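The structure under discussion appears below in the form of structure tokens.
Everything numeric in this text was worked out from a predicted model, so none of it was measured. Numbers here simply count residues along the sequence, with the first being 1.
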Amino acid sequence: QVQLVESGGGLVQAGGSLRLSCTASGRPFSNYAMGWFRQAPGKEREVVATISWSATSTYYADSVKGRFTISRDNAKNTVYLQMNSLKPEDTAVYYCAASGLSYATNMDAYAYWGQGTQVTVSS
């Protein structure tokens with residue numbers, strides 16, 4: 001089992017930045033691919049970004065490319081999502097998730113989920 005706790009969400013104006021953090025406990029963090037996903041009201045959950053266990057591979061949704069950066073620190077059991085140039089359409093609950101695979105971009109591959117953190121971007 002892997003337990004995940006997100007932090008760093010909040011209210012920010014359009015054009016601003018936030019950094020989300022997700023700290024894991026349980027099984028060795030370095031064995032897992034990690035991902036950030038989001039769900040806006042009335043919409044399905046979607047992938048935002050994923051990173052391989054070794055951090056050598058990353059994936060970004062087209063909607064966030066060039067604005068968001070995913071990274072991880074295996075020594076701290078933490079994965080980050082740096083979000084810049086935020087837009088109102090980025091408003092959502094953001095979830096951190098872990099996959100038993102070394103790298104995964106499909107949401108179905110992620111078995112362990114955090115409770116989510118709200119990000120609200122005002123116009």
>> Show me the pairs that pass side chain to side chain donor-acceptor pair (under 3.5 Å) and involve residues 94-114, at least two apart or across chains.
In response: Arg38-Tyr94

> Got a sec, which pairs hit side chain to side chain donor-acceptor pair (under 3.5 Å) with one end in residues 11-23, sequence neighbours left out?
Replying inline: Ser17-Asn84, Thr23-Thr78

>> Just to verify, what does Lys65 make a side chain to side chain donor-acceptor pair (under 3.5 Å) with, not counting sequence neighbours?
In response: Asp62

>> Pairing donors with acceptors under 3.5 angstrom, does anything connect the side chains of Thr120 and Gln118?
In response: yes

> Excluding sequence neighbours, so at least two apart, what forms side chain to side chain donor-acceptor pair (under 3.5 Å) with Ser85?
Replying inline: none

> Mind checking whether Leu81 and Val79 have side chains closer than 4.5 Å, heavy atoms only?
Replying inline: no

> Got a sec, which pairs hit disulfide (SG to SG under 2.5 Å) with one end in residues 45-122, sequence neighbours left out?
Replying inline: Cys22-Cys96

> How would you list, by chain and number, every residue that makes a side-chain contact (heavy atoms from CB on, under 4.5 Å) with Val12, sequence neighbours excluded?
Replying inline: Leu18, Leu86, Val121

> What residues, two or more places apart in sequence or in another chain, satisfy side chain to side chain donor-acceptor pair (under 3.5 Å) together with Ser25?
Replying inline: Gln3

>> I need the full list of disulfide (SG to SG under 2.5 Å) pairs touching residues 43-81, with sequence neighbours left out, sorted by first then second residue.
In response: none

> Do any pairs count as a ring-ring contact (aromatic ring centres under 6.0 Å, His included) and have a residue in residues 44-80, sequence neighbours left out, and if so which ones?
Replying inline: none

> For atom CD of Gln115, is the number of surrounding heavy atoms from other residues, nucleotides or ligands below 6.0 Å larger than 12?
Replying inline: yes

> Among all residues two or more places apart in sequence or in another chain, which pass the side-chain contact (heavy atoms from CB on, under 4.5 Å) test with Ala111?
Replying inline: none

> Taking the side chain from Glu6 and the backbone from Leu20, do they hold a donor-acceptor pair closer than 3.5 Å?
Replying inline: no

>> Is there a path of hydrophobic side-chain contacts, each under 4.5 Å between heavy atoms, that joins Phe37 and Val119?
In response: no

>> Can you give me the closest heavy-atom contact between Ile51 and Ser71, atom names plus distance?
In response: CD1-CA, 3.8 Å

> Given the rule in the side chain to side chain contact (heavy atoms under 4.5 Å, CB included) test, do Val93 and Thr117 qualify, once you have shown the distances and angles that lead to the verdict?
Replying inline: CA-CA 5 Å; Val93 176; Thr117 185; over 6 Å; no

May I have the list of side-chain donor-acceptor pairs in residues 28-35 shorter than 3.5 Å, sequence neighbours left out?
none

> Can you list the residues that meet the side chain to side chain donor-acceptor pair (under 3.5 Å) rule with Ser123, with sequence neighbours excluded?
Replying inline: none

